[in-house]
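Per chain, numbering begins at 1; letters A, B, ... match sequence-line order.
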2 protein chains.
Amino acid sequence: MVSERSYKIGELARMFGVTPRAIRYYEELGLLESEDRDGPEHRRYSERNAIRIKRIQQLKDYGLTLSEISELFELARRDRSGVAVRESLASKYRSRLEDARKRREALDAYIDDLSWHVEQLERVQDFFECPGASCAHCRWSERCDVRLLVSSGA
Amino acid sequence: MVSERSYKIGELARMFGVTPRAIRYYEELGLLESEDRDGPEHRRYSERNAIRIKRIQQLKDYGLTLSEISELFELARRDRSGVAVRESLASKYRSRLEDARKRREALDAYIDDLSWHVEQLERVQDFFECPGASCAHCRWSERCDVRLLVSSGA
DNA sequence: TGTAAATTGACCTTTAACGTAAGGTTGTCC
DNA sequence: GGACAACCTTACGTTAAAGGTCAATTTACA
């Protein structure tokens with residue numbers, strides 16, 4: 001049986017567009033395992049660990065933190081069937097999804113508000129004639145945007 | 001002429017739901033001006049400055065940083081007509097708006113992806129039989145989610 | 001045997017908007 | 001005039017993830 005190909009840290013770094021430091025950091029967190037060394041020899045990583053870097057990047061892109069990724073990997077180590085891992089991952093994803101949907105709602109409202117304000121700010125004359133407390137434009141304040149700004153400069 | 005009502009720092013803090021420290025900080029940044037004091041007397045803020053706190057909160061909610069708000073106020077101080085301020089504010093808002101729209105696009109894509117993954121993860125059997133490189137589910141990776149996770153745990 | 005690449009360890013970075021602690025002072029009410 | 005809360009200044013601390021950046025060696029490959 002031919003021994004599997006192994007990678008040096010710099011190779012991996014180039015392959016995945018990260019720095020050696022990052023890879024060492026991943027190992028420090030228990031996300032990767034280099035082959036056993038006695039003393040400060042150069043690290044060697046198996047193909048399996050190379051793939052894991054990709055995996056880490058993917059999960060990171062999906063918003064998991066390194067420590068969550070670490071948990072997942074640990075779970076996978078204990079639960080070889082993959083069931084618990086799958087459930088854990090699905091649960092994390094669902095939670096992220098919920099957050100994301102809330103963020104999107106907030107973002108939509110924000111975009112609406114901001115568009116409205118931009119429109120109003122572009123309508124110069126109207127604004128200058130803002131009647132104050134009774135101003136129809138003043139949705140979110142007792143006085144509208146410009147008026148307040150101007151009056152706050154005195 | 002009756003002298004205008006003035007506020008103590010703690011009053012303002014209670015009125016706007018902030019801490020005295022925050023108000024002092026705003027003053028330190030030049031966003032507020034307390035009445036002249038000789039020595040370490042208690043600060044007194046005019047009505048105008050009270051309104052400004054509200055204004056600061058509004059602009060903050062719209063995503064401006066304190067330093068941007070500071071710029072705006074400074075601009076308002078120099079440009080009494082309000083034109084430059086209005087343009088500056090509109091420009092900042094537009095820029096925020098553009099950012100927000102980009103964020104929303106990214107967020108939408110993220111939500112799509114995540115939903116897809118959750119669906120797949122909930123379909124247990126399919127996943128366990130993932131054929132690897134040719135797996136139809138594997139949109140973003142050479143191997144699909146669970147398979148990779150399981151294999152990375154060994 | 002030269003030198004590029006790797007090693008460990010330890011501290012540093014980013015970032016805004018305050019928080020917190022300490023020790024002293026002021027203002028107001030009774 | 002005294003109690004006491006509220007206030008003052010100064011100055012450092014917080015948050016926090018994911019590495020960055022020395023610095024002084026050591027290893028590994030050609």
Side-chain angles (χ1 to χ4, degrees), chain A residues 3 5-46 49-50 52-73 92 96 99, chain B residues 3 5-46 49-50 52-73 92 96 99:
Chain A
S3 68
R5 158 116 215 239
S6 77
Y7 300 91
K8 289 166 60 176
I9 199 167
E11 283 180 287
L12 288 187
R14 253 167 279 125
M15 283 168 65
F16 296 106
V18 297
T19 63
R21 173 67 173 103
I23 295 181
R24 275 185 219 110
Y25 182 58
Y26 293 159
E27 186 174 338
E28 191 182 318
L29 294 184
L31 299 176
L32 301 176
E33 288 146 12
S34 60
E35 292 158 18
D36 287 346
R37 302 172 294 156
D38 11 346
E41 291 166 0
H42 291 189
R43 286 171 178 78
R44 287 289 183 169
Y45 293 99
S46 65
N49 278 280
R52 263 199 225 180
I53 294 178
K54 185 109 217 272
R55 182 66 179 148
I56 291 167
Q57 293 183 319
Q58 291 167 340
L59 291 170
K60 238 157 66 80
D61 285 348
Y62 279 93
L64 302 205
T65 66
L66 291 183
S67 104
E68 283 178 309
I69 296 173
S70 171
E71 283 173 35
L72 272 179
F73 283 7
K92 278 185 203 307
R96 287 298 186 287
D99 292 352
Chain B
S3 69
R5 157 118 215 238
S6 77
Y7 300 91
K8 290 165 60 175
I9 198 167
E11 284 181 287
L12 288 187
R14 252 167 281 125
M15 284 168 64
F16 296 107
V18 297
T19 63
R21 175 64 174 103
I23 295 180
R24 275 185 221 110
Y25 182 58
Y26 294 158
E27 185 175 339
E28 189 184 322
L29 294 184
L31 298 176
L32 301 176
E33 288 147 10
S34 60
E35 290 157 18
D36 287 346
R37 302 173 293 157
D38 12 346
E41 290 165 3
H42 292 189
R43 285 171 178 78
R44 286 288 182 168
Y45 293 99
S46 65
N49 279 280
R52 263 198 225 182
I53 293 178
K54 185 108 216 271
R55 182 65 180 151
I56 291 166
Q57 292 184 319
Q58 291 167 341
L59 291 169
K60 238 158 66 80
D61 286 347
Y62 280 93
L64 302 206
T65 66
L66 292 182
S67 105
E68 283 178 310
I69 296 173
S70 170
E71 283 172 35
L72 273 179
F73 282 7
K92 279 187 204 303
R96 288 298 186 287
D99 293 352

Going by the rule salt bridge (charged side-chain N to carboxylate O under 4.0 Å, His left out), which residues pair with Glu35(B) if we only count those two or more places apart in sequence or in a different chain? none
When the distance from CD1 of Ile69(B) to C1' of dA17(C) is rounded to whole Å, what number comes out? 11 Å
How would you list, by chain and number, every residue that makes a salt bridge (charged side-chain N to carboxylate O under 4.0 Å, His left out) with Glu27(B), sequence neighbours excluded? Arg43(B)
Distance in angstrom units between Leu12(A) CG and dT7(C) P, rounded: 11 Å
Ser70(A) OG to Leu64(A) CG distance, which is reported to the nearest 0.5 Å: 11.5 Å
Below 3.5 Å, can you tabulate the donor-acceptor pairs from side chains in residues 13-22 of chain B to any protein atom, sequence neighbours excluded?
from, atom 1, to, atom 2, distance (Å)
Thr19(B), OG1, Ala22(B), N, 3.2

Atom CG of Asp38(A) to atom C1' of dT26(D): distance rounded to whole Å? 15 Å
Send over the distance from Leu59(B) CG to dA17(C) C1', rounded to a whole Å. 16 Å
Where do Tyr62(A) and Arg96(A) come nearest, in terms of heavy atoms and distance? O-CG, 4.3 Å
Report each atom pair, protein N/O against N/O of nucleotides 9-19 of chain D, whose distance is under 3.5 angstrom.
from, atom 1, to, atom 2, distance (Å)
dT9(D), OP1, Arg37(B), NH2, 3.2
dT9(D), OP2, Arg43(B), NH1, 3.0
dT9(D), OP2, Arg43(B), NH2, 2.8
dA18(D), OP2, Leu66(A), N, 3.3
dG19(D), OP2, Tyr26(A), OH, 2.9
dG19(D), OP2, Lys60(A), NZ, 3.2

Rounded to the nearest 0.5 Å, how far apart are CZ of Phe73(B) and CG of Leu32(B)? 8.0 Å
Starting at NE2 of His42(A) and ending at P of dA30(D), how long is that distance when rounded to a whole Å? 13 Å
Report the residues that fulfil side chain to side chain donor-acceptor pair (under 3.5 Å) with Arg24(B), sequence neighbours left out, ordered by chain and then residue number. none
If you measure from CD1 on Ile69(B) to NZ on Lys92(B), what distance do you get to the nearest 0.5 Å? 10.0 Å
Report, one pair per line, the protein and nucleotides 28-30 of chain C atoms (nitrogen or oxygen only) whose separation is under 3.5 Å.
from, atom 1, to, atom 2, distance (Å)
dT28(C), OP1, Arg44(B), NH2, 3.2

Measure the distance from CD on Glu28(B) to C1' on dC8(D) and round it to the nearest whole Å. 14 Å
Output the rounded distance in Å from CD1 (Ile9(A)) to C1' (dT27(D)). 14 Å
